[in-house]
There are 2 protein chains.
Amino acid sequence: MQSTLSKATLGRLPMYLQFIRGTDTEKVSAAQIARGLGLGEILVRKDLASVCAAGLPRVGYPVTVLRRDMEKALKMDGPISAVIVGAGKLGTALMEYDGFLDYGMKIAAAFDLSATAEPFFQGRVPVYSMEQLPAFCASRHVHAGILTVPAASAQNAADAMTAAGLTAILNFAPVPIRVPKNVTVHQENIALSLAYLHAMAGETKKQEKEKEYGSQRI
Amino acid sequence: MQSTLSKATLGRLPMYLQFIRGTDTEKVSAAQIARGLGLGEILVRKDLASVCAAGLPRVGYPVTVLRRDMEKALKMDGPISAVIVGAGKLGTALMEYDGFLDYGMKIAAAFDLSATAEPFFQGRVPVYSMEQLPAFCASRHVHAGILTVPAASAQNAADAMTAAGLTAILNFAPVPIRVPKNVTVHQENIALSLAYLHAMAGETKKQEKEKEYGSQRI
DNA sequence: GTATAGTCGGTATATCATTATCGATCATAC
DNA sequence: GTATGATCGATAATGATATACCGACTATAC
């Protein structure tokens, strides 16, 4: 258990969390997780040790403790609220996506230019006008947002989000956005991810270093 | 111009490509791209040099040549066809997503358990039954697929995809999937990406190493 | 009890990625 | 034509990450 988590480790924690959420045994070992995810056993052991000190030789980690510590490391002890900016096709699909709650994430609301002062509901998610974004984020202490607007308005929307106090943005618009230093952006260009994968698939034939399940990353 | 591209470089190429597609000048320099994307100038210069040898001092790279070489490095010289497996909310949203064509990607078809022998159309994309996946991929030489089925059926769908000859899978199901060694998987758990971002946003306050535009990754 | 096998945790090494530094090159200005 | 400044490309140094190794610990078997 250490205080400074490397970026790479942090990026793998979600995978581990996803895995141990799917285990029904009492204990789990680093080797099991490594096999299950196709990662190096030592790598997993080191990652686990950096977030949880409850590991016992010959036994492994108690699942409940490991999960709690991992959620703590990922700042998921409480439920995390996020907003969606852009109620187009993709934004609407995400509103109706039911996978968030399983991971302690909750879509608190959505915001769209076309919305009026009076919110309407898309599934269970209220859709407000963009003007209401700052007040909403401030009062509900929301710091994470998903950006699903067209490329042309991405920068404007991003500016509104950072102005509203969001510090984590998942950007589905197919353009990079400019944000202040203290904001973390994850660019999610699906088309280019596919292109990257396509290129990777061609390359890895040479490398042949991949494990049992191929390469995975978040 | 070198033959072996590092994984990290490969992951940044889409960002560069995205950027230079948005430039309307004749030439572009590594420094310009670096400033535009908030990356280190040296890093960008090295990445560009590894895919394109047409850079000239004081001038930079001719945009057309750079773009061509970059698309070649990403194996995007021709249009890439991909299929969507799972015609639920997310799958349907992606079918109607119009950002693919901009990047040389084309959704050739979708496949779903509920579909019948006679395909129906969702927007411009035909939806076939799962039985037709192998024949379709073989005849159209499709090697990339997007997986948008519920968690429970993710592994079955993935097996069908690998059996059909797909070697690049973008997995939106919230579970890791097992694939043969020669297949590359990109796990896209949106909920956990948000969690990662949320944790990162808390950490980066200490690090303070981020550049002008914060951190971005694909 | 004692041996054995599986697992953890820490240290050391190797690998990979990024940044810094330097000389070479080329257009522009004078 | 020469000086100047911007840029590239290569090499070297730093830093981050992943792997290998070793000792320590604990349950099970005998």
Side-chain angles (χ1 to χ4, degrees), chain A residues 1-13 15-16 25-63 65-66 69 200 203-204 206-211 215-218, chain B residues 1-2 4-13 15-16 25-63 65-66 69 200 203-204 206-212 215-218:
Chain A
M1 184 85 180
Q2 60 190 45
S3 57
T4 60
L5 245 50
S6 92
K7 222 180 230 189
T9 296
L10 199 53
R12 279 186 300 268
L13 290 190
M15 297 207 295
Y16 302 146
T25 55
E26 288 250 334
K27 315 271 175 149
V28 66
S29 74
Q32 281 172 25
I33 299 180
R35 279 191 299 271
L37 294 175
L39 300 173
E41 172 186 330
I42 305 147
L43 177 62
V44 175
R45 194 157 65 228
K46 189 177 145 295
D47 286 342
L48 296 192
S50 69
V51 298
C52 182
L56 284 184
R58 177 98 200 195
V59 177
Y61 291 82
V63 170
V65 177
L66 180 58
D69 286 355
M200 279 287 292
E203 293 297 319
T204 39
K206 307 169 196 166
Q207 303 187 6
E208 206 61 55
K209 266 192 60 183
E210 304 306 322
K211 304 300 188 305
S215 71
Q216 301 213 359
R217 52 170 219 169
I218 294 221
Chain B
M1 184 84 180
Q2 60 190 46
T4 60
L5 245 51
S6 91
K7 222 180 230 189
T9 297
L10 201 53
R12 279 186 299 269
L13 290 190
M15 297 207 294
Y16 302 145
T25 55
E26 288 250 333
K27 316 272 176 146
V28 65
S29 74
Q32 281 173 24
I33 298 179
R35 280 192 298 272
L37 294 175
L39 300 173
E41 172 186 330
I42 305 147
L43 177 62
V44 175
R45 193 157 65 228
K46 187 179 146 297
D47 285 342
L48 296 193
S50 69
V51 298
C52 181
L56 284 184
R58 178 97 198 195
V59 176
Y61 290 82
V63 170
V65 176
L66 180 57
D69 286 354
M200 278 287 292
E203 293 296 319
T204 39
K206 307 168 196 166
Q207 301 187 7
E208 206 62 58
K209 266 192 59 184
E210 305 305 322
K211 302 300 187 308
E212 187 181 355
S215 71
Q216 301 213 358
R217 52 168 216 169
I218 293 218

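Here is the naming used below: chain letters follow the sequence lines, and residue numbers restart at 1 for every chain. Remember, predicted model here, so these are calculated numbers, not experimental data.
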To the nearest angstrom, the CZ-P distance between B/R12 and C/dA17 comes to 9 Å
Taking atom P of C/dA17 as reference, at what distance in whole Å does atom CG of B/L13 sit?
13 Å
Shortest non-hydrogen contact between B/T9 and B/S50, atoms and distance:
CG2-OG, 3.8 Å
Applying a 4.0 Å non-hydrogen cut-off, can you work out what B/L56 is touching in the nucleic acid: base, sugar-phosphate, or nothing?
sugar-phosphate
Using the rule given for side-chain contact (heavy atoms from CB on, under 4.5 Å), can you reason through A/I42 versus A/R45, listing the C-alpha separation, both sets of side-chain angles and the distance that settles it, and then say yes or no?
CA-CA 5 Å; A/I42 305 147; A/R45 194 157 65 228; 4.3 Å; yes
Sorted by position of nearest nucleotide on DNA chain C, 5' first, the leading residue of A/P57 and A/A54 is A/P57
Go through the steps to decide whether B/V28 and B/Y16 satisfy the test side-chain contact (heavy atoms from CB on, under 4.5 Å), and finish with yes or no.
CA-CA 11 Å; B/V28 65; B/Y16 302 145; over 6 Å; no
In whole Å, what is the span from the CD atom of A/E26 to the C1' atom of C/dT7?
18 Å
Between A/L43 (CG) and C/dG9 (C1'), how many Å, whole number?
15 Å
Have a look at A/L48 and tell me which of A/L43, A/I33, A/L13 forms a side-chain contact (heavy atoms from CB on, under 4.5 Å) with it.
A/I33
Which residue, B/A30 or A/A8, contacts DNA chain D at a nucleotide closer to its 5' end, judged by nearest heavy atom?
B/A30
Among the nucleotides C/dG6, C/dC8, D/dG9, which one has an atom lying closest to any side-chain atom of A/R58?
C/dG6
Please report, rounded to the nearest Å, how far the C1' atom of D/dC21 is from the CZ atom of A/R45.
10 Å
Begin from the C-alpha positions of B/L39 and B/M15 and carry the test side-chain contact (heavy atoms from CB on, under 4.5 Å) through to its verdict.
CA-CA 11 Å; B/L39 300 173; B/M15 297 207 294; 3.7 Å; yes
Nearest to the side chain of B/A49, which nucleotide is it out of C/dT19, D/dT17, D/dG9?
D/dG9
Gap between atoms CD1 and P, on B/I42 and C/dG23 respectively (whole Å):
16 Å
Between B/Q32 and B/K46, which is nearer to the 5' end of DNA chain D once each is assigned its nearest nucleotide?
B/Q32
To the nearest Å, how far apart are B/Y61 OH and D/dA6 C1'?
14 Å
Roughly how many Å is it from CG in B/L48 to C1' in D/dA10, rounded to a whole number?
15 Å
